[in-house]
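Excluded from the calculations below are hydrogen atoms, water molecules and symmetry mates; all remaining heavy atoms, backbone and side chain alike, are included. Residue indices begin at 1 and follow the sequence shown. Small disclaimer: the values here were computed from a predicted structure and weren't measured.
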Amino acid sequence: DILAAIGAVALASDVTLTITGVDEVNINDLQTMNAATSGAVVLNAATNAAAFTDTAANLISAFTGITSHTGKLTVGDTNPVTAADLNTIFTFTAVVAPEALATSEITGSATDIVTAIGSITYDPNVTLTITGTTPATVAELIAINAATSGTVVLNPETIAQNYGDTAANLAAAFTGITSFEGGLNLNDTGSILATDVFDISSLTSGATTANLTSHITGSSAEIVSAIGAVSFSPDVTLAITGNDPATVAELMTINATTS
């Protein structure tokens, strides 16, 4: 009845459209009603509770401005969807988190992606692609990297950014990402394993420094590998651990590295 009226009568631009009866309304009809007014669209009980699956664009045009829906919304796109759209869809339902399990890629700023992965259910192998011109923070990269076993694609600004943090945080942020070219500075002030230092250096094609680190520990071979890959404070303590004796060549390299 409402659809017939919209097509046949000139309505006030802010008219309230109230759906009655016991049948749920489909997405196409909701889009038409929502587009017909800047006023309220009041759903009947069946539509409020109904679960809907459609593209992100259709769900947004159907439910924008409607605050009463409590059913599940599923994003059916198999191609990339923006994190901003997913965050918008999250606001449309008060009870059940939206799903985007079919979506192959979520794109957006690091901030938008972090919000989306905290709000919706998605494919654990989804590709997360950071766009825009703002570099991601270490905290955002940790959250994004932990959210998927798929690919994390960095924007150019993040690729070139220099980061300083603990070895643990840098590892959590960048492990599995192969495109990073910026500098990494280990902010650990105490003791750190030579293997961790070397592993951090492998996360970037740029420079890695550990100028605040007071002690680096590990086998002589591990220490030699670390000092060949990372810049240290000239007075860092290099502590050989384990059961294997150092070779003369390793001791010469280690001794020459620190004062």
Side-chain angles (χ1 to χ4, degrees), residues 1-132 143-144 147-151 153:
D1 292 342
I2 293 176
L3 294 174
I6 292 172
V9 179
L11 303 174
S13 61
D14 60 350
V15 64
T16 295
L17 300 177
T18 300
I19 302 166
T20 59
V22 297
D23 296 327
E24 67 183 59
V25 178
N26 63 45
I27 290 290
N28 288 338
D29 290 347
L30 284 173
Q31 288 178 278
T32 301
M33 293 179 197
N34 218 350
T37 182
S38 61
V41 175
V42 181
L43 305 183
N44 62 353
T47 306
N48 265 327
F52 293 96
T53 299
D54 214 306
T55 65
N58 286 348
L59 291 174
I60 288 171
S61 64
F63 286 98
T64 293
I66 297 173
T67 60
S68 62
H69 185 251
T70 59
K72 186 176 184 179
L73 297 178
T74 298
V75 178
D77 302 80
T78 57
N79 294 320
V81 175
T82 68
D85 282 351
L86 293 175
N87 293 334
T88 297
I89 291 167
F90 174 74
T91 67
F92 294 157
T93 183
V95 177
V96 183
E99 282 189 358
L101 292 173
T103 301
S104 61
E105 182 179 4
I106 298 171
T107 68
S109 70
T111 300
D112 284 345
I113 291 174
V114 169
T115 301
I117 60 182
S119 304
I120 65 166
T121 303
Y122 53 90
D123 183 346
N125 298 312
V126 67
T127 295
L128 300 176
T129 299
I130 300 171
T131 59
I144 291 169
T148 183
S149 57
T151 303
V153 180

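- No side-chain heavy atom of Phe63 sits less than 4.5 Å from a side-chain heavy atom of Thr93.
- When all heavy atoms of Gly76 and Ala102 are compared, the pair lying nearest together is O-CB, 4.1 Å.
- Within the 4.5 Å cutoff, side-chain heavy atoms of Leu30 are placed close to those of Ile19.
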Would you sort out whether Thr47 and Asn44 count as a side-chain hydrogen bond (donor to acceptor under 3.5 Å, both in side chains), showing the intermediate values?
CA-CA 6 Å; Thr47 306; Asn44 62 353; 2.6 Å; yes

Take Thr91 and Asn87 through the test side chain to side chain contact (heavy atoms under 4.5 Å, CB included) and record every step on the way to the result.
CA-CA 7 Å; Thr91 67; Asn87 293 334; over 6 Å; no

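- In this structure the side chain of Thr78 never reaches within 4.5 angstrom of the side chain of Thr103, judged on heavy atoms.
- There is a side-chain donor-acceptor pair under 3.5 Å between Gln31 and Ser61.
- Closest approach of Val25 to Met33, counting heavy atoms only: CG1-CE, 4.2 Å.
- When all heavy atoms are compared, the tightest approach of Ala46 to Asp23 is CB-C, 3.9 Å.
- For the 3.5 Å distance criterion, the side chains of Asp14 and Ser38 fail to qualify, holding no donor opposite an acceptor.
- No donor-acceptor pair closer than 3.5 Å links the side chain of Asn58 to the backbone N or O of Asp54.
- Looking at every heavy atom in both residues, Pro80 comes nearest to Ser104 through N-OG, 4.1 Å.
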Start with the C-alpha distance between Asn34 and Thr32, add both sets of side-chain angles, then the distance that settles side chain to side chain contact (heavy atoms under 4.5 Å, CB included), and finish with yes or no.
CA-CA 6 Å; Asn34 218 350; Thr32 301; over 6 Å; no

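- Annotation: side chain of Leu73 is not in contact with side chain of Phe90 (no heavy-atom distance under 4.5 Å).
- For the pair Thr70 and Val96, the minimum side-chain heavy-atom distance is 4.5 Å or more.
- In this structure Ala110 satisfies the side-chain contact (heavy atoms from CB on, under 4.5 Å) test together with Ile130, Ala136, Glu140, Ile144, sequence neighbours excluded.
- The shortest distance between side-chain heavy atoms of Thr74 and Phe52 does not fall below 4.5 Å.
- Side chain to side chain, Asp112 and Thr115 fail the donor-acceptor criterion of an N or O pair below 3.5 Å.
- In this structure, Thr148 contributes its side chain and Gly150 its backbone to a donor-acceptor pair below 3.5 Å.
- Under the 4.5 Å side-chain criterion, counting only non-hydrogen atoms from C-beta, Val81 is not in contact with Thr107.
- Between the His69 side chain and the Leu43 main chain, no donor and acceptor come within less than 3.5 Å of each other.
- Contact annotation: the side chain of Ile106 approaches that of Leu86 to within less than 4.5 Å [non-hydrogen atoms, C-beta and beyond].
- Screening Thr127, Thr129, Asn79 for a side-chain hydrogen bond (donor to acceptor under 3.5 Å, both in side chains) with Glu105, the sole residue that qualifies is Thr129.
- Here the straight-line distance linking atom OG1 of Thr131 with atom CD1 of Ile113 works out to 6.5 Å at 0.5 Å rounding.
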